[in-house]
Amino acid sequence: MLKTSAGVAAGLAAFGLPAVNALGANETLNVGCIGTGGRCRTLMQSLAKIPNVRIVAVCDIYEAHLDLGKKLADPKATTAKNYKDILDSKDIDAVLIGSPDHWHVPMTIDACAAGKDVYVEKPLTHNLEEGKAVIEAQNKHKKIVQVGTQQRSMPQFEKARELIKDGRLGKIYKVHLTWNRNTDRVKKGPQGVDPKQVDWKAFLGNAPKQDFDEYKFRNWRWFWDFGNGILTDLMVHYIDVVHWYMGVDHPLQATAIGDNYISKDIWETPDTIQTLLAYPKDFQVYFEGTFVNARNGAMLEFMGADATLYLDRGRYEIHPERNKGKVEEFILGTGKRGADFYDKPDGELLHLTNWVDCVRSRKTPNCPAEAGVSAAGAAHLGNQAFRSGKVAVWKEG
């Protein structure tokens with residue numbers, strides 16, 4: 001358990017600040033992991049690489065995931081099926097939340113109230129109404145909350161932001177985002193889930209009551225009660241970059257079209273969707289995402305009067321307009337453009353390291369709750385437009 005040194009505590013008190021988790025770099029940070037499915041376990045492997053961090057507890061409502069998570073934790077780590085047991089532990093300083101989307105805000109709010117700092121996977125919110133409460137919880141309890149849009153901790157994204165601030169692109173009028181894949185993951189069939197190992201009631205949480213469905217349990221991202229499809233699962237990463245670079249909080253309006261070309265009668269959310277977002281400061285964002293064709297992969301293009309900035313998780317490139325300079329590149333990762341992941345940089349490790357550093361220093365992390373609410377809000381507006389078949393207009397409050 002982290003302790004505040006007497007000297008640090010006295011210094012904080014002198015400024016009227018709470019002596020909460022202010023600690024030296026050599027003190028051990030004890031972390032509990034909640035929702036140890038595949039994504040959480042990937043993050044756990046990165047978290048274990050950070051010095052003086054120990055995973056002391058794991059929690060999941062599915063026994064198979066709980067067992068797999070335990071293998072990645074400290075040999076003496078405890079296990080729990082109720083996340084509140086993790087929050088009640090005085091030996092745990094912070095939590096990593098990798099649950100399905102509809103649990104992100106309730107768990108984050110409860111964790112902050114329990115005195116825990118939080119790393120929570122994206123999207124932070126499951127609907128627009130949740131945003132205010134989770135920001136209030138972070139600020140009221142003075143907790144460090146980091147949302148898992150790791151681009152904010154990746155060097156090429158940091159460097160490219162400086163290029164935009166320096167005016168390298170000129171006035172930006174349009175941003176093009178893609179997250180295109182070609183996958184057979186939508187095929188319905190046996191999922192290998194023993195319902196006796198699942199606490200289905202706990203999984204549902206605030207979702208409507210319904211019978212156990214192993215396909216929904218495995219593929220919850222594509223069902224409205226638990227996730228919100230491509231826009232909140234994938235677009236949210238890159239719309240966060242747009243908000244960060246352009247200094248905006250939310251779109252003014254959205255329109256969208258989508259369909260279930262290969263997932264008809266299987267998924268509720270579309271497997272192919274396009275949305276157009278209008279923003280203050282006179283620029284537009286166009287996102288396209290699909291599971292039927294991988295052309296362009298996952299990338300961003302900021303289109304300015306003087307140049308276009310291309311970004312993905314392995315590089316950036318500047319492509320000037322005619323007679324306005326030379327092509328510039330900053331390449332870190334190996335492989336083709338637009339991949340989901342690269343060997344370098346390790347975005348998860350960098351983002352988790354930033355979180356741990358901020359837990360120690362009490363500085364604001366790269367992606368606090370406010371940024372997570374903002375990015376998810378744009379995705380929710382796009383989904384509103386898709387589901388209503390009308391232009392969705394942002395409403396304050």
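Residue numbers start at 1 and run along the sequence shown.
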Stepwise side chain to side chain contact (heavy atoms under 4.5 Å, CB included) check, Cys59 with Asp85: CA-CA 9 Å; Cys59 174; Asp85 292 340; over 6 Å; no
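- Side-chain atoms of Ser263 and Trp222, non-hydrogen and from C-beta on, never get closer than 4.5 Å to each other.
- No option in Val175, Leu177, Leu163 other than Val175 meets the side-chain contact (heavy atoms from CB on, under 4.5 Å) test with Phe302.
- Side-chain atoms of Asp225 and Pro208, non-hydrogen and from C-beta on, do get closer than 4.5 Å to each other.
- With Glu288 as the fixed residue, the side-chain hydrogen bond (donor to acceptor under 3.5 Å, both in side chains) test singles out one of Arg295, Gln274, His176: His176.
- Using modelled atom types and a 3.5 Å distance limit, the side chains of His250 and Glu396 yield a donor-acceptor pair.
- Two residues are said to be in side-chain contact when any heavy atoms from C-beta on lie closer than 4.5 Å; Val198 and Ile61 meet this criterion.
- Applying side-chain hydrogen bond (donor to acceptor under 3.5 Å, both in side chains) to Arg54 and the options Thr28, Asp74, Asp93, Asn30 leaves one that passes, Asn30.
- Contact detail for Ala133 and Ile109: the closest heavy-atom pair is CB-CD1, 3.8 Å.
- Rounding to the nearest 0.5 Å gives a distance of 5.5 Å between CG of Leu66 and OG1 of Thr36.
- Taking both residues in full, the closest heavy atoms of Leu29 and Ala94 are given as CD1-CB, 4.4 Å, listed atom of the first, atom of the second, then distance.
- Annotation for Pro123 and Val236: closest pair CB-CG2, 4.5 Å, computed over non-hydrogen atoms.
- For the residue pair Gln197 and His65, no side-chain donor N or O sits within less than 3.5 Å of a side-chain acceptor on the partner.
- Val56 is connected to Ile86 through a chain of hydrophobic side-chain contacts under 4.5 Å among Ile, Leu, Val, Met, Phe, Trp and Tyr, so both are in one cluster.
- With hydrophobic clusters built from ILVMFWY side chains whose heavy atoms lie under 4.5 angstrom apart, Val120 does not share a cluster with Leu350.
- Heavy atoms of other residues, nucleotides or ligands lying less than 6.0 angstrom from CG of Asp211 number 12 at most.
- Met246 places a side-chain heavy atom less than 4.5 Å from the side chain of Phe283.
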Residue pair Phe203, Trp200: steps toward the ring pair (Phe, Tyr, Trp, His ring centres under 6.0 Å) verdict: CA-CA 5 Å; Phe203 175 86; Trp200 181 243; 5.0 Å; yes
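- Between Trp179 and Asp233, the closest side-chain pair of non-hydrogen atoms is not below 4.5 Å.
- Counting only distance, with no hydrogens or angles, the side chain of Asn383 and the backbone of Asn228 share a donor-acceptor pair below 3.5 Å.
- For Gln156 (side chain) and Phe330 (main-chain N/O), no donor-acceptor pair under 3.5 Å exists by modelled atom type.
- Listed for the Tyr342 side chain is a donor-acceptor partner under 3.5 Å among the backbone atoms of Lys336.
- Side-chain contact of Thr178 with Asn296: a donor-acceptor pair under 3.5 Å is absent, judged by distance alone.
- Judged by distance alone, with hydrogens and angles left aside, the side-chain atoms of Gln191 form a donor-acceptor pair with the main-chain N or O of Gly189 at under 3.5 Å.
- Classification of Asp240 and Lys122 as a salt-bridged pair fails, no side-chain N sitting under 4.0 Å from a carboxylate O.
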From CA spacing to verdict: side-chain hydrogen bond (donor to acceptor under 3.5 Å, both in side chains), Gln45, Glu348: CA-CA 10 Å; Gln45 292 177 64; Glu348 288 90 348; over 6 Å; no
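- Under a 3.5 Å cut-off, the side chain of Ser374 and the backbone N or O of Glu370 do not form any donor-acceptor pair.
- In this structure, Asp271 contributes its side chain and Tyr261 its backbone to a donor-acceptor pair below 3.5 Å.
- Considering all non-hydrogen atoms of both residues, Val58 and Gly69 come closest at CG1-O, 3.8 Å.
- Side-chain atoms of Thr269 never come within 3.5 Å of backbone atoms of Phe223 as a donor-acceptor pair (strictly under, hydrogens ignored).
- Listed for the His380 side chain is a donor-acceptor partner under 3.5 Å among the backbone atoms of Thr125.
- With hydrophobic clusters built from ILVMFWY side chains whose heavy atoms lie under 4.5 angstrom apart, Met235 shares a cluster with Leu311.
- Cation-pi check for Arg313 over Phe341 is met; the charged atom lies under 6.0 angstrom from the ring centroid and within 45 degrees of its normal.
- Cation-pi check for Lys159 over Tyr316 is not met; the charged atom does not lie both under 6.0 angstrom from the ring centroid and within 45 degrees of its normal.
- Remark: aromatic rings of Tyr238 and Phe287 are distant, center separation not under 6.0 Å.
- Separating the CG atom in Leu72 from the CE atom in Met44 is a distance of 5.0 Å, to the nearest 0.5 Å.
- Taking 4.5 Å as the limit, some side-chain heavy atom of Val373 sits within range of a side-chain heavy atom of Leu124.
- Checked for salt-bridge contact, Arg362 and Asp117 meet the test: a charged N lies under 4.0 Å from a carboxylate O.
- Atom-to-atom distance recorded for Thr353:OG1 and Ile50:CD1 is 3.5 Å, nearest 0.5 angstrom.
- Side-chain contact check for Pro365 versus Arg152: every heavy-atom pair is 4.5 Å or farther apart.
- In this structure, NE2 in His126 is found 7.0 Å from OG1 in Thr232, a value given to the nearest 0.5 Å.
- For the pair Cys112 and Val118, the tightest heavy-atom approach, listed with the atom from each and the gap, is SG-CG2, 4.3 Å.
- To the nearest 0.5 Å, atoms CD (Glu301) and CG (Leu169) are separated by 11.5 Å.
- No continuous path of ILVMFWY side-chain contacts below 4.5 Å connects Leu300 to Tyr286, so the two sit in separate hydrophobic clusters.
- At a threshold of 4.0 Å, the pair Glu63-Lys81 counts as salt-bridged, since one of the basic side-chain nitrogens sits closer than that to a carboxylate oxygen.
- Hydrophobic clustering keeps Leu234 apart from Tyr310 (ILVMFWY residues linked when any side-chain heavy atoms are closer than 4.5 Å, directly or through intermediates).
- Gln138 places a side-chain N or O within donor-acceptor distance of the main-chain N or O of Ala369, the cut-off being under 3.5 Å.
- No donor-acceptor distance shorter than 3.5 angstrom exists from the side chain of Asp312 to the backbone of Arg337, with no hydrogens or angles considered.
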Test side chain to side chain contact (heavy atoms under 4.5 Å, CB included) applied to His351 and Tyr119, step by step: CA-CA 10 Å; His351 208 45; Tyr119 184 105; 3.3 Å; yes
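- Of all heavy-atom pairs spanning Trp103 and Ser99, the tightest one is CB-OG, 3.4 Å.
- Taking the side chain as every heavy atom from C-beta outward, Leu128 and Gln384 approach each other to under 4.5 Å.
- For the atom pair CD of Gln150 and OG of Ser46, the computed distance is 9.5 Å after rounding to the nearest 0.5 Å.
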Evaluation steps, side chain to side chain contact (heavy atoms under 4.5 Å, CB included), between Val145 and Val134: CA-CA 10 Å; Val145 175; Val134 73; 5.9 Å; no
Lys165 vs Glu162, salt bridge (Lys or Arg N to Asp or Glu O under 4.0 Å): CA-CA, chis, key distance, verdict: CA-CA 5 Å; Lys165 288 172 64 177; Glu162 293 303 314; 3.7 Å; yes
